[in-house]
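First comes the structure, then the notes that go with it.
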Amino acid sequence: RPIVTTTRRAEIPVDLTGVYEGKVNDFPLLPNDVLYVPRSGARSFLTTDLPLVLGVLNPFIYLAIYRY
């Protein structure tokens with residue numbers, strides 16, 4: 001969030017898990033706020049790493065299934 005009369009920004013941590021569970025009130029966003037939501041390790045693996053691994057292993061999987 002921009003700090004008034006400076007060029008700096010304030011970093012305000014928000015408990016997203018608490019917000020998702022309804023235990024914490026939503027944090028109001030203002031114009032020019034930047035919201036960064038980190039990715040989970042599992043989601044990163046499933047969307048980035050797993051397709052790469054399967055792409056590399058695909059020829060070997062094919063040979064294991066359809067070997068003559």
Side-chain angles (χ1 to χ4, degrees):
R1 175 169 290 177
I3 300 174
V4 180
T5 69
T6 69
T7 58
R8 296 181 16 213
R9 299 184 74 83
E11 184 174 315
I12 304 167
V14 177
D15 179 14
L16 291 179
T17 303
V19 172
Y20 291 148
E21 295 173 352
K23 297 177 181 176
V24 178
N25 290 334
D26 287 344
F27 190 81
L29 295 177
L30 299 176
N32 297 319
D33 277 355
V34 175
L35 179 64
Y36 170 73
V37 180
R39 294 183 74 158
S40 71
R43 181 181 175 107
S44 178
F45 174 77
L46 290 174
T47 59
T48 306
D49 298 334
L50 185 60
L52 179 63
V53 170
L54 291 177
V56 170
L57 294 178
N58 193 30
F60 301 106
I61 294 170
Y62 178 83
L63 288 174
I65 295 172
Y66 298 106
R67 67 180 176 177
Y68 293 97

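Index from 1, following the sequence.
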Please name all residues satisfying side-chain contact (heavy atoms from CB on, under 4.5 Å) with T17, sequence neighbours left out, ordered by chain then number.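 For T17 the side-chain contact (heavy atoms from CB on, under 4.5 Å) partners, ignoring immediate neighbours, are D15, E21.
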For R1, enumerate each residue passing the side-chain contact (heavy atoms from CB on, under 4.5 Å) test, keeping only those at least two apart in sequence or located in another chain.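 For R1, the residues satisfying side-chain contact (heavy atoms from CB on, under 4.5 Å) (neighbours in sequence not counted) are I12, F27, L30, D33.
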Testing the basics here: between N25 and V19, what is the closest heavy-atom pair and its distance to 0.1 Å?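 Looking at all heavy atoms of both residues, the shortest contact is O-CG2, 3.9 Å.
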Can you list every salt bridge (charged side-chain N to carboxylate O under 4.0 Å, His left out) pair that touches residues 51-62, not counting sequence neighbours?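 Found none.
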